[in-house]
Enquirer: 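A single structure is presented below for examination.
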Amino acid sequence: MPELPEVEATRRHLEPVLVGARIAEVEVRRPRMARRQPRPADVRDRMVGRRIVALGRRGKFLLAHLDSAMTWVTHLGMSGRMSVAGRGDAESPHTNVVVRLRGGAEVRFVDPRTFGFVAVLTPQEMDEMMFRRIGPDALDDLPSTVALRRRLEGRTAPIKALLLDQQIVSGIGNIYADEILWRARIAPWRQGGSLTPDEVSAMRRAIRPVLRAGLKAGGTSLDDLAYLLPDGRAGEFVERLAVYGKQDEPCPRCGTPVERTVLRQRSAHWCPSCQS
DNA sequence: ACCTCCCTGGCC
DNA sequence: GGCCAGGGAGGT
């Protein structure tokens, strides 16, 4: 479930491999992975021969800045992960994109469900296709409580849905949204605009600690191991989850059984006793 | 401000 | 065979 912590953990693992490296060849094996590229062949053509100068991230987007001023953008979607390997190493199924580096290392984008994508964009394209569509980063650029209140004002959608709305704040997905609301003691179905100033403040104060804890653990690898770190290790935050996937198990704070409900076609987990 | 759909695999 | 899953765009 690549959300911000998984993408940032991935970024940190890839940084020493990719920064300074020159791209020798790129294979997009599933054309669908390049569907967000205005001209799909540009994914390869704009990368080959370029050097990677820095790795960044915004929300759930992994950004590799090239010496041509273009940016190689990767979104892991629902089931994507990156892996670092040597040429000829055994490949995982669903290795949909391979970026070979000069020197023999390669980065592989594995994504069974193909909801992820890659693109290589000019600065103008980055503005149009990325930055105008997503809000400030939930970890690096978290808005103040006042600014958050403004963004939630008058909104009737459930707060959980608004936390998942990448235009309000970017990087939070289904797992961490549940964990954040549990920590802030706010029920997921509450209308966004109905939160008191204290509740917005509590929610804001919960965001970074939850994301940082996830990052520190290397992210959340669920039972299916769809998400793994680039070296193949599993993230361990699953051991620290309070409510996500814990239906009928005791709330770590009060012991009440955790409930699972469906909100906006997504699962939501919460403690009926300490969240209201 | 909602659904529906995009994909594949795993589980019941 | 049907249902479920980390995300998000597109259409109504």
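Lettering follows sequence order; numbering is per chain, from 1.
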Enquirer: Give DNA chain C the dot-bracket treatment, 5' to 3': Watson-Crick (N1-N3 with N6-O4 or O6-N4) or G-U (N1-O2, O6-N3) under 3.5 Å, [ ] crossing, | other strand.
Expert: |||||.||||||
Enquirer: Among all residues two or more places apart in sequence or in another chain, which pass the side-chain hydrogen bond (donor to acceptor under 3.5 Å, both in side chains) test with A/Thr145?
Expert: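 Partners of A/Thr145 by the side-chain hydrogen bond (donor to acceptor under 3.5 Å, both in side chains) criterion come out as none, since no residue qualifies.
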Enquirer: Within residues 203-211 of chain A, which residues have any heavy atom lying less than 4.0 Å from an atom of DNA chain C?
Expert: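 Going residue by residue through residues 203-211 of chain A, none turns out to have a heavy atom under 4.0 Å of DNA chain C.
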Enquirer: Checking all strands, does A/Arg81 fall into the base, sugar-phosphate, or nothing category for heavy-atom contacts under 4.0 angstrom?
Expert: nothing
Enquirer: Across the strands shown, which category fits A/Phe237 at heavy-atom distances under 4.0 angstrom: base, sugar-phosphate, nothing?
Expert: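 No contact.
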Enquirer: Tell me which pairs pass side chain to side chain donor-acceptor pair (under 3.5 Å) where either residue lies in residues 242-251 of chain A, with sequence neighbours left out.
Expert: none
Enquirer: Please name all residues satisfying ring-ring contact (aromatic ring centres under 6.0 Å, His included) with A/His75, sequence neighbours left out, ordered by chain then number.
Expert: A/Phe61, A/Phe117
Enquirer: So, using salt bridge (Lys or Arg N to Asp or Glu O under 4.0 Å) as the criterion, who are the partners of A/Asp140 when residues are at least two apart?
Expert: A/Arg57
Enquirer: Provide a list of protein-nucleic acid N or O atom pairs under 3.5 angstrom, restricted to nucleotides 8-11 of chain C.
Expert:
| unit_1 | atom_1 | unit_2 | atom_2 | d |
| --- | --- | --- | --- | --- |
| C/dG8 | OP1 | A/His75 | NE2 | 2.8 |
| C/dG8 | OP2 | A/Lys60 | NZ | 2.8 |

Enquirer: When you list every nucleotide of DNA chain B with an atom under 4.0 Å from a heavy atom of chain A, which one comes first 5' to 3', and which comes last?
Expert: B/dA1 to B/dG9
Enquirer: Is there any side chain to side chain donor-acceptor pair (under 3.5 Å) pair reaching into residues 35-47 of chain A, and which pairs are they, with sequence neighbours excluded?
Expert: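 Output for this query lists A/Glu25-A/Arg44, A/Arg39-A/Asp42, A/Arg46-A/Glu125.
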Enquirer: Scan the side chains in residues 160-167 of chain A for donor-acceptor partners under 3.5 Å anywhere in the protein, sequence neighbours excluded, and list what turns up.
Expert:
| unit_1 | atom_1 | unit_2 | atom_2 | d |
| --- | --- | --- | --- | --- |
| A/Lys160 | NZ | A/Asn174 | OD1 | 2.8 |
| A/Lys160 | NZ | A/Asp178 | OD1 | 2.8 |
| A/Lys160 | NZ | A/Ser267 | O | 2.9 |
| A/Asp165 | OD1 | A/Gln167 | N | 2.9 |
| A/Gln166 | OE1 | A/Gly171 | N | 2.8 |
| A/Gln166 | NE2 | A/Leu164 | O | 2.9 |
| A/Gln166 | NE2 | A/Ile172 | O | 2.9 |

Enquirer: Please identify each residue that fulfils ring-ring contact (aromatic ring centres under 6.0 Å, His included) with A/Phe115, with sequence neighbours left out.
Expert: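 Partners of A/Phe115 by the ring-ring contact (aromatic ring centres under 6.0 Å, His included) criterion come out as none, since no residue qualifies.
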Enquirer: Provide the closest heavy-atom pair for A/Cys274 versus A/Cys254 in the form atom of the first, atom of the second, distance.
Expert: SG-SG, 4.0 Å
Enquirer: Is it the case that over 12 heavy atoms from other parts of the model lie below 6.0 angstrom from the CZ atom of A/Arg22?
Expert: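 Counting neighbours around CZ of A/Arg22, more than 12 heavy atoms of other residues, nucleotides or ligands fall under 6.0 Å, so yes.
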Enquirer: For A/Arg35 and C/dG7, give me the distance from atom CZ to atom P, rounded to whole Å.
Expert: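 Answer to the nearest Å: 15 Å.
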Enquirer: Show which side-chain atoms of residues 98-109 of chain A pair as donor or acceptor with protein atoms under 3.5 Å away, not counting sequence neighbours.
Expert:
| unit_1 | atom_1 | unit_2 | atom_2 | d |
| --- | --- | --- | --- | --- |
| A/Arg100 | NH1 | A/Glu106 | OE1 | 2.9 |
| A/Arg100 | NH2 | A/Glu27 | OE2 | 2.2 |
| A/Glu106 | OE2 | A/Arg108 | NE | 2.8 |
| A/Glu106 | OE2 | A/Arg108 | NH2 | 3.0 |
| A/Arg108 | NH1 | A/Ala90 | O | 3.1 |
| A/Arg108 | NH2 | A/Gly86 | O | 3.4 |
| A/Arg108 | NH2 | A/Asp89 | O | 3.1 |

